[in-house]
J.: 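One structure, as structure tokens, below. Some questions next.
What's counted below: heavy atoms across the whole structure, side chains too, no hydrogens, waters or symmetry copies.
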Amino acid sequence: MTRARRARQVPLRTHWIVLTLLLVCLSGSLLLHGYTHHMFGTEPDGAVIATGPHNAVPAAVSGGGPLIDATGSSPRSARPKPKTIAITFDDGPDPEWTPKVLDLLKAQGVKATFFVVGTEVVAHPELARRIVAEGHQIGVHTFTHANLSSAAGWRRSLELRQSQLILAGATGVSTPLLRPPYSSEPDALTNADWNAIKHARDDGYLTVLTTQDSEDWRRPGTTQVIANSMPKSTAGQVLLMHDAGGDRTQTLEALQRLIPALKARNFHFATVSDTVGIAQPVHQASVVERGRGLAVIWAMRLSDGTLGILTWLLYAAGALSVLRAITTIVAAKRHARERYWSWGEPVTEPVSVIVPAYNETAGIEAAVRSLVASDHPVEVIVVDDGSSDGTADLVESLGIPGVRVIRQANAGKPAALNTGLQAASYELVVMVDGDTVFEPDAVRMLVQPFADPSVGAVSGNAKVANRKGLLGRWQHIEYVVGFNLDRRLFDLAECMPTVPGAVGGFRRSALERIGGLSDVTLAEDTDLTMALCRDGWRVVYEERARAWTEAPASLGALWRQRYRWCYGTLQAMWKHRGAWVQGGQSGKLGRRGLTYLLLFQVLLPLLAPAVDVFALYGFAFLNPVRVGLVWAAFLALQLGMGFYAFRLDGEKAGPLWSLPLQQFVYRQLMYLVVIQSVFTALAGSRLRWQRMERYGTLNVPPAAADVAR
């Protein structure tokens, strides 16, 4: 049984489930954060005046007391007892003002009622516990200070239920008392307000309105706050004040003078329930409610932490992306100035060209004819790796002088290349895929850097031949903008991690010194290049050595190709991880090349799903115009890189019109490939050499065809 048959691809399904769950959790966390922080009612209660018809409000309610029980067809209300005042505080707890209010009340011996906002309780649970512990009454002021009168039914229920759970989790108590945000006195109720009150009663709540508004939210001055709070008669009152929502200095100063003054007039201070004469409504929450409440609290804290971490990661990713763009452009510009420097005396010695082939009948003839048409002396060695489609027979039938065919049982691409290496007649060797067509001067250009004895390998310029359709254009853009800009940078930094299998030149003696090609990774070209760097050889990029390769023409084929590339690169990086701590050429590969690959080809793609989710979060909850401008700025940066890279490569910039579309399809496919590869690597699964489906779209360049005839 052959090696290719023994190796099997282990399908991984669990990681997609894990990834989906992570994305769902992340999306849920961001939705929770967006709801609690960006749908929060920030207007002061008194600043929103209810308008609309009020004919549906029962007379017993509009003309009754501030505590309303909207049960059934006979709603009831309760008035405060004479000379009894319930001081109520809305919008807290606040870390600065609530403790000061509590201290003042304690010093004055007064009990009050605090209507707290759920999100503020999550932020300051210790203050909610202190309110309860010091004998004050606690009530609900919704989850996010939402206007229940205009809210949809689902949101009303959410606002009330989450507030109750949060109170249970933070304080251990449950309360039926509700102060709707933006409410005032009973006679100001509209039909919409009444519907909200009835909805709340269905959920078990008693609504507490006011009879007197201190208007401290206006900050009219301490004297005016006192005047607004002073009863005009001996009737009991439910007084509205605030312990949050901004500077409450006037509220505190008013209380310090108001409470003694009212005591001197024989007024008593009590909680809302005592003021209207009903039994204590606040009771201990059940164990289940407390547990669920704690879960809500921790979920909100987790959402805050998630957004904080995500924000910093986005800043880091943005900074790295900009840094990468600047670095690659600067490096490319410098490389362009230096590219025509002479490496030394022209290299004219013959070259052995090795073509590993497995079922390549669709394109092997064009590849071979382009090679023998080179303007540099070559011998072409086609190693047929157990093809079943007659590849070897086709090459032999061409009868082209200088072309040899070697047949072997299927053993994989590295073995085929090693076989060709052993049969090579010359010191300089070019390796080329069976789906690649060389330009007439490509071999000559590719071997010129070998005039420098320190050069062990040369990367050529692989270009996409089948550019029709969006997928072809996107791959063309990736080859020109991504791969080739990176290679210019790697060349200058002397840390080239990959000589592509489509077009690469090597010293045979250098390959023999490192033991030839290894089959322990799927990216044999990357593994080989890294091994040469670690052995002290310099690997350079020669952009004038152009070869045309057939790119995948379907998403499935592209997925399989990039999956193999990415997984093989991860294998090679792990295999050569020791380069990080070594010196010389090996250290340059490690600290420069491997770090670059780790940051920009592994970590950034892994962050990409979070970036996309955050972008959706921004459009939903933040300023969509600002988010759109940020996205447009990054797109403009990529377009700028694209235009420059296309100009360097002598390419027409027309395909760049599809770059914005690339961000919505192609980029997601590429980062999913990285995610799949990382999970595969962590699981320790083994992939076999996957052959890409050929379509026969390659043609011999006209000049090459004339020479080959």
Side-chain angles (χ1 to χ4, degrees), residues 313-341 445 449 458-464 467 473-500 503 529 533 538-546 569 588-589 591-605 607-608 611 629-663 666-667 670-671 674:
L313 290 176
L314 287 172
Y315 282 138
L320 287 174
S321 298
V322 173
L323 178 63
R324 176 176 181 258
I326 294 174
T327 303
T328 53
I329 291 296
V330 170
K333 188 173 182 180
R334 179 180 170 187
H335 191 273
R337 290 198 306 265
E338 300 176 356
R339 64 181 174 178
Y340 294 120
W341 285 10
M445 291 296 183
V458 181
S459 168
N461 187 348
K463 306 184 79 63
V464 174
R467 304 176 180 181
R473 290 190 185 95
W474 289 341
Q475 292 178 84
H476 172 43
I477 293 172
E478 184 182 26
Y479 270 66
V480 176
V481 180
F483 299 160
N484 288 345
L485 278 184
D486 281 347
R487 287 194 181 102
R488 289 179 170 91
L489 173 63
F490 291 141
D491 190 352
L492 289 177
E494 299 184 23
C495 60
M496 186 79 67
T498 304
V499 171
V503 50
T529 307
C533 288
R538 185 181 173 193
V539 181
V540 300
Y541 174 54
E542 177 49 74
E543 65 188 78
R544 293 173 295 177
R546 295 184 180 90
T569 299
K588 292 177 182 178
L589 169 70
R591 288 181 289 278
R592 299 176 187 176
L594 297 187
T595 299
Y596 187 92
L597 293 178
L598 180 63
L599 287 176
F600 297 111
Q601 295 190 20
V602 179
L603 294 182
L604 278 183
L607 289 175
V611 173
L629 289 175
V630 171
W631 184 85
F634 276 98
L635 181 60
L637 180 66
Q638 292 176 317
L639 283 170
M641 292 177 61
F643 278 110
Y644 186 68
F646 269 59
R647 187 164 68 91
L648 284 179
D649 261 28
E651 294 281 357
K652 295 181 179 179
L656 289 174
W657 71 263
S658 65
L659 186 60
L661 294 176
Q662 189 186 46
Q663 302 302 303
Y666 194 82
R667 189 175 67 88
M670 291 301 101
Y671 70 58
V674 175

J.: Using atom types as modelled and distance alone, determine if a side-chain donor or acceptor of Thr529 lies under 3.5 Å from a backbone N or O of Val499.
T.: yes
J.: Do the side chains of Asp491 and Arg334 get close enough for a salt bridge, i.e. N-O under 4.0 angstrom?
T.: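 No, this pair does not count.
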J.: About how many Å separate CZ of Phe490 and OG of Ser459, when rounded to the nearest 0.5 Å?
T.: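 Rounded to the nearest 0.5 Å, the OG-CZ separation comes out at 10.5 Å.
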J.: Compare every heavy atom of Pro449 with every heavy atom of Val540, then report the nearest pair and how far apart it is.
T.: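 Minimum heavy-atom contact is CG2-CB, 3.7 Å.
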J.: Testing the basics here: between Trp657 and Gly654, what is the closest heavy-atom pair and its distance to 0.1 Å?
T.: CD1-O, 2.7 Å
J.: Is there a donor-acceptor contact under 3.5 Å linking the side chains of Glu478 and Tyr666?
T.: yes
J.: Going from CZ on Arg488 to CG on Leu648, what distance comes out if it is rounded to the nearest 0.5 angstrom?
T.: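 Result: 5.0 Å between the selected atoms.
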J.: In chain order, what residues pass the salt bridge (charged side-chain N to carboxylate O under 4.0 Å, His left out) check against Arg467, with sequence neighbours excluded?
T.: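 Expected list: Glu651.
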J.: Which residues pass the ring pair (Phe, Tyr, Trp, His ring centres under 6.0 Å) test with Tyr671, sequence neighbours left out?
T.: none
J.: CZ/Phe600 to CG/Leu323 distance, rounded to the nearest 0.5 angstrom?
T.: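 Nearest 0.5 Å value for the CZ-CG distance: 6.0 Å.
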J.: Considering non-hydrogen atoms only, spot the tightest contact between Ala331 and Leu492 and give its length.
T.: O-CD1, 3.1 Å
J.: Considering non-hydrogen atoms only, spot the tightest contact between Ser321 and Leu604 and give its length.
T.: OG-CD1, 4.2 Å
J.: Please check this pair: side chain of Trp474 against backbone of Leu659, looking for a donor-acceptor N/O pair closer than 3.5 Å.
T.: no
J.: Residues in side-chain hydrogen bond (donor to acceptor under 3.5 Å, both in side chains) with Arg538, at least two apart?
T.: none
J.: Look up atom CG in Leu594 and atom NZ in Lys588, then write down how far apart they are to the nearest 0.5 Å.
T.: 14.5 Å
J.: Taking only distance into account, with no hydrogens and no angle test, what donor-acceptor pairs under 3.5 Å do side-chain atoms of residues 631-647 form with protein atoms, sequence neighbours excluded?
T.:
unit_1, atom_1, unit_2, atom_2, d
Gln638, OE1, Gln663, NE2, 3.4

J.: If you look at every heavy atom in Val480 and Lys463, which pair is closest and at what distance?
T.: CG2-NZ, 4.4 Å
J.: Restricting to non-hydrogen atoms, name the atom on Asp486 and the atom on Thr328 that form the minimum distance, rounded to 0.1 Å.
T.: OD1-CG2, 3.8 Å
J.: With Asn484, which residues qualify under side-chain hydrogen bond (donor to acceptor under 3.5 Å, both in side chains), at least two apart?
T.: Asn461, Arg487, Tyr541, Asp649
J.: Going from OG1 on Thr498 to CG on Leu597, what distance comes out if it is rounded to the nearest 0.5 angstrom?
T.: 6.5 Å
J.: Which residues pass the side-chain hydrogen bond (donor to acceptor under 3.5 Å, both in side chains) test with Thr595, sequence neighbours left out?
T.: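 With sequence neighbours excluded, Thr595 shows a side-chain hydrogen bond (donor to acceptor under 3.5 Å, both in side chains) to Trp580, given in chain and number order.
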J.: Roughly how far, to the nearest 0.5 Å, is CZ of Arg592 from CD of Glu494?
T.: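 It is 6.5 Å, given to the nearest 0.5 Å.
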